[in-house]
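Read the structure below first, then the notes.
One-based numbering, in listed order, for ligands and for the atoms of each. A quick note: this is a predicted structure, and the numbers were derived from the prediction, not measured.
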Amino acid sequence: MKYMNLYRGYEKRKEAIDKRISSIIERSQFVFGEELDTLEKELANYTGAKYAVGVSSGHVGLVLALLALGFNAGEDHSNKEVIVPAMTFFSTAEAPSFLGMKVRVCDIDEYFNMDVKKLESLINKNTAAIIPVNLFGQCANFDVILDIARKNNIFVIEDACQSFGASYKNIKSCSGKLGDIAVTSFFPAKPLGCFGDGGMVFTDNEEFYKNLKQLRHHGDEGGMNHVKLGTTGRLDNMQAGILLEKFKGFEEDMTYRRNAAKYYNEQLKGIVKVPEIAEYTQSVHAQYVIQVENNRDEVRAKLAELGVPTALYYPHPIHLAPILVKKLGYKEGDMPVSEYASKHNIALPIDNDILKEEQDIVIDAVKKVVK
Ligand SMILES: Cc1ncc(COP(=O)(O)O)c(C=O)c1O
């Protein structure tokens, strides 16, 4: 068994994907092209966002989002602070740090997302933006986050790299309604994954949209008039074509994935701590993360012996990341909930096509190992 079997996602649409790839090669539309335009329209339509801009990865999307808000490259932002959750992929903190902004870290709640009760105390006159993350596929508590942000005149970037397809109180993640700009990732292991790196940025704001379009293409406003410092940040047309084919079955895939998560919940409840989903959000279960009270690493090793691969999200909370810890002055003990998660979390196999037989192997192994 693989931790994620990504081949099946290709196999079930092989003919359509192969045809699409050949057609792109025949037309030689590699950078920009019909597929990219269509995908942007379709995903904007699906999420309800006014604008969508395909980018080369989720991380590049986060950097471009900050640039689009006006935190320009090459300028001094050392007095600007960005709040991120302590439990997330490094990229969420790396993007503002890369632009010279100061990161402040917020501990997480029982849903693995930014603890909104702790958010307000982190805000000061230098706070420029909040980047809530929809970790493992469920949305953070946006009503509270947006309320605090509006009151204090702070930008919000929705890090939706794990939550394309999820929703918050019937508002779709990536709709551009859960903040000023939303960013998702199409890394192959994501619920909607491409065959390499890719991402998309969404917004309802026309100015940010125009900025994003220029910034992903070296700040070119057209005719090689470089009016901003950007990067090579476009989504390849080939990846857009693959995504267009995969998107046709996306809703069906997410229903399947939700049922797989539900089945794990039913079978594992009471044996380990199963993931809780807040009542205000529907998750796409980008990861299925349990917690064990004792001997996490031993449990993982025993599961591996029984043929069950697992993963860790994330072994190091952001505030203890080697590059940030010294600079920001955090220490072990500062973010207890995130630190607990980093030591007790285990991610079990899940993908859009996991078989019930495979889930049963996982469930039996967990029952055997965690007594
Ligand atoms: C929460 C979060 N933010 C940002 C990223 C960066 O996305 P990418 O890998 O496409 O650069 C990821 C991807 O793993 C992520 O999970």
With a 4.0 Å cut-off on heavy atoms, is Thr88 touching ligand 1?
->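 Distance cut 4.0 Å: Thr88 passes for ligand 1.
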Look at [atom] and say which protein heavy atom is nearest, naming residue and atom and giving the distance to 0.1 Å.
{"atom": "atom 8 (P) of ligand 1", "answer": "Gly58 N, 3.5 Å"}
{"atom": "atom 14 (O) of ligand 1", "answer": "Lys190 NZ, 2.8 Å"}
{"atom": "atom 3 (N) of ligand 1", "answer": "Asp159 OD2, 2.8 Å"}
{"atom": "atom 15 (C) of ligand 1", "answer": "Cys161 CB, 3.5 Å"}
{"atom": "atom 11 (O) of ligand 1", "answer": "His59 N, 2.8 Å"}

Counting from 1 in the order shown, the ligand 1 atoms closer than 4.0 Å to a non-hydrogen atom of Val133 are 1 (C)
Handout entry: Atoms of ligand 1 close to Ser91 [distance to a heavy atom under 4.0 angstrom, numbered from 1]
Key =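 That gives atoms 4 (C), 5 (C), 6 (C) of ligand 1.
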Between [X] and [Y] (side chain of the first, backbone of the second, donor and acceptor by atom type, cut-off under 3.5 Å), is there such a pair?
{"X": "Thr47", "Y": "Cys174", "answer": "yes"}
{"X": "Asn72", "Y": "Leu229", "answer": "no"}
{"X": "Lys246", "Y": "Gly193", "answer": "yes"}
{"X": "Glu158", "Y": "Val183", "answer": "no"}

Q.
Parallel, tilted or perpendicular, judged at 30° and 60°: which one describes the rings of Tyr280 and Tyr111?
A. perpendicular
Do the side chains of Glu206 and Lys210 get close enough for a salt bridge, i.e. N-O under 4.0 angstrom? yes
### Query
Can Gln162 and Asn134 be counted as having a side-chain donor-acceptor contact under 3.5 angstrom?
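No, because no side-chain N or O of Gln162 sits under 3.5 Å from a partner of the opposite role on Asn134.
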Task: Region of Gln162 that comes within reach of ligand 1 [heavy atoms, distance under 4.0 Å] - done: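 Gln162 to ligand 1: side-chain contact only, backbone stays beyond 4.0 Å.
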Any heavy atom of Ser57 under 4.0 Å from ligand 1? The part involved is both
Out of Ala189, Ser185, Cys194, Ser163, indicate the one that has the non-hydrogen atom closest to atom 10 (O) of ligand 1.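 Result: the heavy atom closest to atom 10 (O) of ligand 1 is in Ser185.
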- Six-ring centre of Tyr46, Lys172 cation under 6.0 angstrom, axis tolerance 45°: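 Output yes; distance and angle both within limits.
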